[in-house]
Every structure is written in C-alpha cells, then in structure tokens.
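Numbering of residues begins at 1 and proceeds along the displayed sequence.
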Amino acid sequence: MDTLVVNAPTSVTAALRRLYLLRFAFAAVWAGLLFATADTLGPLSVTLLVLYPLFDAACAVVDLRSARADGGPVRGLYVNLALSALTGVALAVAAASGIQAVLQVWGVWAITAGITQVAVGVVRRRLGGQGAMIASGSISALAGASFVAQASKDGATLTNIAGYALLGGIFFLVSALRLKPAGDQA
C-alpha cells in the first residue's frame, strides 16, 4: 500500500517539500557542472543537457503520485512529463547540430514548461509556496524566448542555460520553505 495514499494531507506536503528540496540540490550541482563546460558541446555538456529534462520528467512522475493522492493537478503534470521526456530526446538530436540548435530546443521547452508550471501553481496555490512556482514558470517562459533569440547569434554558449537552471532551483527552494503545514491546506 502506498503511504502517500494512506496519509494524504500530511504526506503530500512532506513529499512535495522533499521533491522541491531535491530539485534545488540537483539544479545547483547541475548548473555548476554546466557552467564549467558551457563554451562547447562535449560529452559532459551533452550528457548534462539531456539529463536535466529527463530528471524533470522523473520528478513529474514523483509529483504525479503525490498529486493523485491529494486529488491535485495531474493533467498539468502529465503535460510536463511528456514535454520533458520529448525534450530529452530532442536535445540529444539537437546536440549533433550545435549550440544554436540546443538553445532553440531548450527555449521551446522553457516556454512550454513554464506555461505548464504556472497552470499547476495556480491550481496548487492552497498548498502555499506556489507564488514562487508561478513566478518561476513566468520567468521560464520569458527565458525560453530569450534562448530562442540567442540561438540566432554568433558566439552562443550554454552559460545562460546554467543560470536559468540555478534560478529555477532557487525558486524550488523558496517553494519548499513556504509550503503550508499539512493541516493548513484548506
């Protein structure tokens, strides 16, 4: 039996908090590694680029379990799962064409995932901490447009993607710290 279902109010908040903290830690480490390799598309940077959306997809699966237990916004999470999984594959393909192609794919993902994150955050606002998620989704959509624009310029690097991921991780940290205690979700 799934403990998330048995103790839904308490465990949903706790599970979401743990997930947000994990996402912060992952983003911080990932961004540091990408910053170190941002000028070229070598084996490490390509691996990192593909890994990030696949990690996001895995997090969506974990989040889906919690959301289903709470009757939460599963539709948006399924959209996020599909977008992230497709983006992982698209980045692997785009990496063969260069940084500009990677920036285009990442940009489209940032736009669509950002819009999805805003929608999920609006539905989850009763849990608290979702203002940061809504802001993060909005910034993601704007940053995505910036990545697409950067793709058409000479000298493009992956540095801004690393900064984008780090900022997103910080928003997850803020949300984790601002989630309401389990009994205050009404």
Side-chain angles (χ1 to χ4, degrees), residues 15-63 76-77 80-81 83-88 90-92 94-95 98-121 124 127-151 153 155-179:
L16 200 53
R17 183 172 284 113
R18 283 190 304 271
L19 179 63
Y20 285 0
L21 291 172
L22 174 65
R23 292 186 74 144
F24 163 71
F26 178 84
V29 171
W30 184 92
L33 291 171
L34 190 63
F35 270 128
T37 62
D39 292 335
T40 62
L41 277 176
L44 178 58
S45 60
V46 171
T47 300
L48 289 168
L49 289 165
V50 172
L51 180 63
Y52 194 92
L54 296 180
F55 178 80
D56 190 67
C59 288
V61 170
V62 172
D63 201 352
L77 295 172
N80 183 54
L81 172 60
L83 287 171
S84 295
L86 289 172
T87 299
L91 284 168
I99 289 177
Q100 288 80 6
V102 167
L103 286 170
Q104 289 173 336
V105 170
W106 196 282
V108 170
W109 178 49
I111 292 167
T112 55
I115 292 167
T116 303
Q117 187 175 4
V118 168
V120 171
R124 280 188 166 160
L127 296 175
Q130 298 306 300
M133 290 292 91
I134 292 167
S136 176
S138 300
I139 291 169
S140 180
L142 293 173
S146 171
F147 296 140
V148 171
Q150 289 171 23
K153 297 181 180 171
T157 72
L158 305 172
T159 303
N160 289 339
I161 289 177
Y164 161 85
L166 181 59
L167 181 61
I170 291 168
F171 276 111
F172 276 111
L173 176 61
V174 169
S175 289
L177 297 174
R178 297 191 48 87
L179 282 168

Note, Leu22 side chain near Phe55 side chain (heavy atom, < 4.5 Å): yes
Check: Thr87 side chain, Leu83 main-chain N or O, donor-acceptor pair, under 3.5 Å: yes
Minimum heavy-atom distance Gly88-Leu54, with the two atoms named: CA-CD2, 4.1 Å
Interatomic distance, Ser136 atom OG to Leu167 atom CG [nearest 0.5 angstrom]: 6.5 Å
Reported CG-to-CG distance for the pair Leu41 and Leu158, which is rounded to 0.5 angstrom: 5.5 Å
Residue pair Thr157 / Ala38: nearest heavy atoms and the distance that separates them: CB-O, 3.5 Å
Sequence neighbours excluded, every pair satisfying salt bridge (charged side-chain N to carboxylate O under 4.0 Å, His left out) that has a member inside residues 158-167: none
Rounded distance (nearest 0.5 Å) linking atom CD1 of Ile111 with atom CG of Leu142: 9.0 Å
Smallest separation among heavy atoms of Ala165 and Ala27, with atom names: O-CB, 3.4 Å
Distance-minimising heavy-atom pair for Leu81 and Val61: CD1-CG2, 3.8 Å
Euclidean distance, Leu51 CG relative to Leu33 CG, rounded to 0.5 Å: 10.0 Å
Sequence-distant partners of Tyr52, side chain to side chain donor-acceptor pair (under 3.5 Å), two or more places apart: none
Any Tyr20 side-chain heavy atom under 4.5 Å of Leu173 side chain: no
Any Met133 side-chain heavy atom under 4.5 Å of Phe171 side chain: yes
Any side-chain donor near an acceptor of the partner, Gln150 and Asn160, under 3.5 Å: yes
Side chain to side chain contact (heavy atoms under 4.5 Å, CB included) against Ala156, all qualifying residues, sequence neighbours excluded: Ile99, Gln100, Leu103
Contact summary for Ala101 and Ala94, nearest pair of heavy atoms: CB-O, 3.6 Å
Closest contact, heavy atoms only, Leu166 versus Ala28: CD1-CA, 3.9 Å
Contacts of type ring pair (Phe, Tyr, Trp, His ring centres under 6.0 Å), residue Phe24, not counting sequence neighbours: none
Summary of salt bridge (charged side-chain N to carboxylate O under 4.0 Å, His left out) pairs that have at least one residue in residues 42-61, sequence neighbours excluded: Arg23-Asp56
Separation of Ser146 OG from Ile161 CD1 (nearest 0.5 Å): 10.0 Å
Side chain to side chain, Val108 and Phe147, heavy atoms closer than 4.5 Å: no
Contact list for residues 29-42, test side chain to side chain donor-acceptor pair (under 3.5 Å), sequence neighbours left out: none
Evaluation steps, side-chain hydrogen bond (donor to acceptor under 3.5 Å, both in side chains), between Tyr164 and Ser140: CA-CA 8 Å; Tyr164 161 85; Ser140 180; 2.6 Å; yes
Any donor-acceptor pair under 3.5 Å from Ser138 side chain to Ile134 backbone: yes
